[in-house]
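Take a look at the structure below.
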Amino acid sequence: METVEMTSVSLKRPRSEDGVANADEIKRQKISEKSKTGNNSGQSVETVTEQPEKSLLEDTKNEIILTEEGEEQEDQELEDSDEDGDPESFADMMKHGLTESDVGITKFVSSHKGFSGILKERYSDFVVHEIGKDGRVSHLDDFSVPVDDEVNSEDPSEETFTVLSDEDKKRLEELQLFKNKETSVAIEVIEDSKEKRTIIHQAIKSLFPGLETKTEDRDGKKYIIAYHAAGKKALAKVRTATDPRKHSWPKSRGSYCHFVLYKENKDTMDAINVLSKFLRITAQRLAHLNKCLMNFKLGNFSYKNHPLKLGELQGNHFTVVLRNITGTDDQIEQAMQSLRETGFINYYGMQRFGTTAVPTYQIGRAILQNNWNEVMDLILKPRPGAEKGYLVKCREEWAKTKDPAAALKKLPVKRCVEGQLLRGLSKYGMKNIISAFGIIPRNNRLMYIHSYQSFVWNNMVSQRIEEYGLKAVPGDLILKGGTAVHIGEGDVDNYTIHDVVMPLPGFDVVYPKHKIGEAYKEMLVADNLDINNMRHKIRDYSLSGAYRKIIIRPQNVNWEVVAYDDPRIPLFNTDLDKLQGKPLPVLPTDGKFRALKMAFSLPPSTYATMAIREVLKMDTSIKNQTQLNTTWLR
C-alpha cells in the first residue's frame with residue numbers, strides 16, 4: 001500500500017466526426033501505461049498517490065467498487081462479511097501468510113547489525129514519485145488549466161455552474177458515484193428557454209463528466225434528464241445529423257492531454273478504471289473531477305502531440321518513514337552508507353507472490369505443468385487466513401457443491417479472479433477449464449507464471465550468493481548490448497557483482513556455467529518441469545525468460561533520524577499538503593520515539609521494500625509487519 005505516487009498519463013483528443021457516444025469515446029481514449037517500480041504501473045500522466053490516514057491493520061470502508069458491468073456498490077454494504085476485528089485477530093489470521101524465506105528471500109549483502117522499525121504505519125509514511133524519461137521527478141504542484149488560443153465550446157465558463165442548486169449537485173454527485181438506486185436525475189427548467197437549457201446541459205456535463213443529459217417534456221414542463229454514461233444502451237447509438245454529438249478541439253492544442261494524478265490508497269490500475277468511468281478528456285473536464293472524486297487529485301495539465309508509452313519512465317523516487325526504530329545512530333549510519341555504496345539484493349518483493357495461504361507462484365507452476373484441475377483447485381478451494389467474508393462463503397460453497405453458478409452467487413463483486421473463473425466454468429463447463437481460465441484478463445493470467453519465474457529467481461540468487469559471495473566469478477552472466485555472455489577465467493577481474501545478471505527461466509535464455517546453472521535444472525525437475533522445453537502448448541503461457549541484475553545500487557540516497565511524540569502525526573508534507581499550504585510538522589528535539597526518514601531512487605521493476613529490508617535486516621512480509629504493528633499497538 002503506497003502513500004503517494006507520481007505517474008504520467010496522456011489521453012488522446014477525440015475525433016471530430018460524429019460517432020458513437022461516450023461509451024465508445026472512452027475506448028478511443030489512449031491511456032498509455034508505463035512500467036512502475038514494484039507492482040505498480042504508471043500512465044502517460046504524471047501521478048501522485050497517497051493512502052488515507054490509517055495503519056496496515058485498518059480496513060478500507062465506504063470505498064466504491066466498480067464491477068465489470070459498470071455497476072458499483074459500496075464496501076459498507078459488505079461490512080458484515082469483511083474480516084473486521086481487533087488487530088490481534090487480524091494478526092492471528094495473517095499467521096497463514098507468506099514470509100520472506102517462503103519465497104527464497106534469505107540473504108543480505110551488508111555487514112551492519114539489523115534493527116527494528118515499523119513500515120507503513122501511516123498513509124504518509126510511504127510516498128512514490130515517478131521519474132520521467134527526461135530524468136525529472138514528477139510532482140503535483142499546479143491545479144491550473146491551460147488556456148487555449150481558440151475558444152472551445154466543450155469548456156463552458158465557471159458562470160454556467162451557478163445554475164445548479166446545491167440539492168441538484170448533491171443528487172447528481174450521488175448519481176455519478178452510483179450512490180442511489182435511481183438511474184437518472186430530473187431537473188426542472190423553471191425559466192424555459194433554449195439558452196437556459198443549454199447552460200444546464202453544459203453545467204452538468206462539466207461538473208459531472210460521467211453523466212449524459214437529454215431534454216424531456218413531462219406534463220407540459222421541460223426537464224433536463226441526467227443519466228450515467230457507462231454501459232447504457234442509450235449511449236450505444238450512432239449519432240446522426242439530426243442528433244449530433246460533436247466534440248470541438250482547438251487546432252492549436254496537442255492531440256494528448258498530459259496530467260499528474262495524485263491518488264490515495266489506490267492501485268494505479270484501480271485509479272485508471274475509476275477515471276475511465278467519468279472522463280471526457282479536456283483539461284478543464286479533468287480538473288472538475290477534483291470536486292467530485294475521493295482519494296484523487298489531478299493537475300499539472302498540458303497538451304502534447306505525443307502520448308506517453310510503456311517503459312518510458314526511468315524509475316521511481318521513494319520517500320519512506322520507518323517509525324519506532326531501535327537502531328543506534330551508528331547502526332543507522334552503517335546501514336544507509338551500505339545501501340548507498342553497495343546496494344541490496346534485487347529480490348522480487350513479497351507483493352509478487354500474494355498475501356494469502358495459496359501463493360501465486362503455486363498457481364503459475366500448475367499452469368506450466370499443464371495441470372488445469374490443480375489451477376482451478378488452487379484458485380477456488382477454501383484457504384486459511386485473512387480474506388473478505390464473501391470470498392470465504394464462495395469457497396465454502398464451491399467445496400461443498402462444485403457448482404460454479406452456486407458459488408458465483410455468493411460473490412457480490414464478480415470481477416475478482418475467483419468470480420471470473422467461476423463465470424468461465426459456468427459458460428464452458430467443468431471439462432473445459434482452459435477456456436474457463438481464459439476469461440480472466442491476460443495480464444492477470446500471466447501474473448501467475450511471472451510469479452513462478454520470480455520464485456525460481458529469488459531462490460537461485462540466494463544460492464548464488466551463498467556459494468560465491470559478492471564477487472563476479474567465472475561462469476557468471478553479464479549483459480553486452482542486451483545479449484547475455486558468460487564471464488571467462490581471463491576477464492573475471494574486469495567485472496564486479498554489480499555487473500552480474502541471473503536469468504528468469506524460459507525457452508530463450510542461457511544459464512550460468514557453474515553450480516547455479518545445475519541448481520536451476522534441479523529446481524525445475526523437482527517441479528516436474530523441463531528446463532530444456534519451456535515452451536507451453538498454449539502460446540500465451542510460453543515465456544522466453546529474461547535477465548535481471550543481482551545487486552541494485554539506489555541513486556539519490558539521503559536520510560535523517562527524527563524524534564516524535566505522537567504516532568498519528570505525519571513526519572513530512574506531501575505534494576497535496578504543499579499545494580494546500582499546510583505547514584511543516586513541528587517535531588520535538590527529544591521525543592519519545594525515533595523515526596528514520598529515507599529517500600532514494602530505483603530503476604523500474606525493482607522493489608523498495610527490498611531496499612528497506614536490507615537496511616533493517618528484518619522480514620518485510622505483511623505477516624511479520626502485522627505482528628510487529630500488533631505488538632506496537634498494545
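Here, residue 1 is the first one in the sequence, and each next residue gets the next number. The basis for the numbers below is simple: all heavy atoms, side chains too, and nothing from hydrogens, waters or symmetry mates.
The backbone N or O of Arg415 sits less than 3.5 Å from a side-chain atom of Gln420, completing a donor-acceptor pair. In this structure a side-chain-to-backbone donor-acceptor pair under 3.5 Å is present from Glu312 to Lys309. Although no hydrogens or angles enter the test, the distance criterion places a donor-acceptor pair under 3.5 Å between the side chain of Ser451 and the main chain of Arg352. Looking only at distances, a side-chain donor or acceptor of Asn300 sits under 3.5 Å from a matching main-chain atom of Asp142. Arg548 places a side-chain N or O within 3.5 Å of a backbone atom of Ser605 that can act as its donor or acceptor partner. At least one donor-acceptor pair under 3.5 Å links the side chain of Asn458 to the backbone N or O of Val103.
Counting all heavy atoms, side chain and backbone alike, Ile325 lies closest to Gly117 at CG2-CA, 4.1 Å. Residue Leu175 comes nearest to Ser184 through the heavy atom pair CD1-N, 4.0 Å, listed as atom of the first residue, atom of the second, then distance. The two residues Gly591 and Ala563 come nearest to each other via the heavy atoms N-CB, 3.3 Å. Between Ile131 and Val137, the closest heavy-atom pair is CG1-CG2, 4.2 Å. Contact detail for Ile551 and Thr342: the closest heavy-atom pair is CG2-O, 3.3 Å. Scanning both residues, Asp565 and Phe593, for their nearest heavy atoms gives O-CE1, 3.2 Å.
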Test log, rule side chain to side chain contact (heavy atoms under 4.5 Å, CB included), inputs His498 and Ile552 = CA-CA 7 Å; His498 294 97; Ile552 290 292; over 6 Å; no
Just do the side chain to side chain contact (heavy atoms under 4.5 Å, CB included) check on Val320 and Lys597 with the steps written out, would you?
-> CA-CA 6 Å; Val320 178; Lys597 291 170 57 178; over 6 Å; no
Passes side chain to side chain contact (heavy atoms under 4.5 Å, CB included), Thr574 versus Lys582? Steps please.
-> CA-CA 9 Å; Thr574 66; Lys582 291 185 180 179; over 6 Å; no
Begin with the C-alpha distance, continue with both residues' side-chain angles, and end with the deciding distance and a verdict on side-chain hydrogen bond (donor to acceptor under 3.5 Å, both in side chains) for Thr620 and Glu100.
-> CA-CA 7 Å; Thr620 60; Glu100 290 181 347; 2.7 Å; yes
Let me see the working for His201 and Thr213 under side-chain hydrogen bond (donor to acceptor under 3.5 Å, both in side chains), right down to the final yes or no.
-> CA-CA 6 Å; His201 282 294; Thr213 59; 2.6 Å; yes
Yes or no on side-chain hydrogen bond (donor to acceptor under 3.5 Å, both in side chains) for Arg594 and Asn324, after CA distance, side-chain angles and deciding distance?
-> CA-CA 5 Å; Arg594 296 162 70 239; Asn324 199 31; over 6 Å; no
Using the side chain to side chain contact (heavy atoms under 4.5 Å, CB included) rule, take Tyr262 and Leu298 through it: C-alpha gap first, then chi angles, then the decisive distance, then the call.
-> CA-CA 6 Å; Tyr262 173 102; Leu298 296 86; over 6 Å; no
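In this structure, Pro554 and Phe344 have side chains that are in contact, with non-hydrogen atoms separated by less than 4.5 Å. For the pair Ser302/Lys304, a side-chain contact is recorded, criterion being any heavy-atom separation below 4.5 Å from C-beta on. Residues Met610 and Ile105 have side chains in contact (heavy-atom distance under 4.5 Å, counting atoms from C-beta outward). Taking 4.5 Å as the limit, some side-chain heavy atom of Asn346 sits within range of a side-chain heavy atom of Trp457. At least one side-chain heavy atom of Phe353 sits less than 4.5 Å from a side-chain heavy atom of Ser454. Put simply, the side chain of Met598 reaches to within 4.5 Å of the side chain of Met336, judged on heavy atoms. Looking at heavy atoms from C-beta onward, Leu596 lies in side-chain contact with Trp559 at the 4.5 angstrom threshold. Counting heavy atoms from C-beta on, the side chains of Leu602 and Phe318 come closer than 4.5 Å.
Judged by the 6.0 Å distance and 45° axis criteria, Arg340 is not positioned over the aromatic ring of Phe600. Within the cation-pi definition used here (under 6.0 Å to the ring centroid, within 45° of the axis), Lys120 qualifies as a partner of Phe126.
A distance below 6.0 Å separates the ring centres of His258 and His306.
Ion pairing of Asp125 with Arg323 is present here, as a side-chain N (NZ or NE/NH1/NH2) and a carboxylate O approach within less than 4.0 Å.
Glu167 CD to Ile187 CD1: the interatomic distance, rounded to the nearest 0.5 Å, is 10.0 Å. How far CG of Leu587 is from CZ of Phe572: 11.5 Å, rounded to the nearest 0.5 Å. Taking CE of Met350 as the reference point, atom CG of Leu98 lies at 5.0 Å (rounded to 0.5 Å). One finds the CD1 atom of Ile332 at 9.5 Å from the CG atom of Leu616 (value rounded to the nearest 0.5 Å). Ile224 contributes atom CD1, which lies 11.0 Å from atom CG of Leu172 (distance to the nearest 0.5 angstrom). Put simply, CD on Gln453 and OH on Tyr348 are 7.5 Å apart, with the number rounded to the nearest 0.5 Å.
Donor-acceptor pairing under 3.5 Å is recorded for the side chains of Ser601 and Asn556.
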